[in-house]
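Scroll down for the structure; my scribbles are underneath it.
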Amino acid sequence: MSPARLTPELLLHGYAQGVFPMAESRDDPEIFWVDPRQRGVLPLDDFRLSRSLARRMRRGGFEIVVNSDFEGVVASCADRPETWINDEIFELYAALHRMGFAHSVEVRHEGQLTGGIYGVTLGGAFFGESMFSRHTDASKLAMAWLVDRLRLGGFTLFDAQFLTPHLASLGFVEIPRARYRAALATALEQRGDFIAPGAPAPVQDVLQRNAQTS
């Protein structure tokens, strides 16, 4: 698909159909749709908060913020030797953020952005796009707060697109395309609210809710 033909509205339509866009590299202007046979998803009640991460959360020394620097998170996710985020994709997701469909959870240490995750919301589905970490456990901290926010906001599907060993260690699983499409159809009928939970939850609340679902 030519980048010139891809709009934020068409991007949302693609997500609703179960596909998502990628580029071969940062410098490749072409964007194509991806429809994996196996999809990585997180059953929201199965998120694994390890003891080491729980200890890290209790130690503090970090700040969690939401939608404070969305473009900074996307740029940081693309700041690696190989990335599928080209300039056109960057601009499309920035537009979705301005429209209220794309969000970020950010981790800051001493005021500096050191980790984060961004993704797209549609109905009761959250489509995780990418995450980054410049500090030990920063992306895991962002993930813990993201999962908590999705639960509180009434989301039923957390789509990670592809399963990696790192995601598997957090509780993500792989499901076939047909099962994913059924879960997506159900989620799109729901009304998840990413903003409703307000400010990021206190550490003790996140720890307690994860303990209740483990």
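Along the sequence shown, residues are numbered consecutively beginning with 1.
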If you define the side chain from C-beta out and look only at heavy atoms, does anything of [X] sit under 4.5 Å from [Y]?
X	Y	value
Y93	V73	no
T121	F155	yes
Q204	L207	yes
P176	R37	no
E71	F90	yes
L167	M143	yes
P21	W33	yes
M22	Q161	no

| field | Pair E129-C77, side chain to side chain contact (heavy atoms under 4.5 Å, CB included): steps then yes or no | value | CA-CA 9 Å; E129 284 300 315; C77 289; over 6 Å; no
Working to the nearest 0.5 Å, report the span between [atom1] of [X] and [atom2] of [Y].
X	Y	atom1	atom2	value
D159	L157	CG	CG	5.5 Å
L122	Y15	CG	OH	10.0 Å
L92	D87	CG	CG	11.0 Å
E24	E82	CD	CD	10.5 Å
D79	F132	CG	CZ	9.0 Å
F127	L96	CZ	CG	11.5 Å

| request: Tell me, with the steps shown, if R181 and R39 meet side chain to side chain contact (heavy atoms under 4.5 Å, CB included). | output: CA-CA 10 Å; R181 292 283 177 85; R39 200 73 165 235; 5.9 Å; no
[X] versus [Y], closest heavy-atom pair with distance:
X	Y	value
P43	V173	CD-CG2, 4.0 Å
R134	S76	NH2-OG, 2.8 Å
S130	R80	OG-NH2, 4.1 Å
A23	N86	CB-ND2, 3.4 Å
H135	S133	O-OG, 2.7 Å
L6	L11	CD1-N, 4.3 Å

| Among the clusters formed by ILVMFWY side chains lying less than 4.5 Å apart, do V65 and L146 turn up in the same one? | no
| In terms of hydrophobic clustering (I, L, V, M, F, W, Y; side-chain heavy atoms under 4.5 Å; direct or indirect links), are L152 and L42 co-clustered? | no
| request: If the plane angle is over 60° it's perpendicular, under 30° parallel, otherwise tilted; pick one for F158 and F172. | output: perpendicular
Which donor-acceptor pairs under 3.5 Å do side chains of residues 52-62 form with protein atoms, sequence neighbours excluded?
from	atom 1	to	atom 2	distance (Å)
S52	OG	S50	OG	3.1
R56	NH1	G60	O	2.8

| Heavy atoms from other residues, nucleotides or ligands near NE2 of H13 exceed 12 (cutoff 6.0 Å) | no
| task | Could you tell me whether R177 atom CZ has more than 12 heavy atoms of other residues or ligands within 6.0 Å of it? | result | yes
Is the backbone of [Y] close enough, under 3.5 Å, to the side chain of [X] for a donor and an acceptor to pair up by distance?
X	Y	answer
R149	A201	no
N210	V206	yes
H166	L163	no

| said: Under a 3.5 Å cutoff, is there a donor and acceptor pairing between the side chains of S104 and E106? | reply: yes
Distance-only check: which donor-acceptor pairs under 3.5 Å involve side-chain atoms of residues 184-197, not counting sequence neighbours?
from	atom 1	to	atom 2	distance (Å)
T186	OG1	A182	O	3.2
Q190	NE2	T186	O	3.4
D193	OD1	I195	N	3.0
D193	OD1	A196	N	2.9

| query | Going through the checks in order, is the side chain to side chain contact (heavy atoms under 4.5 Å, CB included) test met by R179 and V41? | reply | CA-CA 11 Å; R179 184 176 165 192; V41 301; over 6 Å; no
| request: May I have the step-by-step check of side chain to side chain contact (heavy atoms under 4.5 Å, CB included) for M99 and E9, ending in yes or no? | output: CA-CA 10 Å; M99 294 165 63; E9 293 78 11; 3.9 Å; yes
| message | As a test of understanding, state which of I89, D28, I31, V34 forms a side chain to side chain contact (heavy atoms under 4.5 Å, CB included) with W84. | response | I89
| For F162, which residues count as a ring-ring contact (aromatic ring centres under 6.0 Å, His included) partner, sequence neighbours excluded? | F20
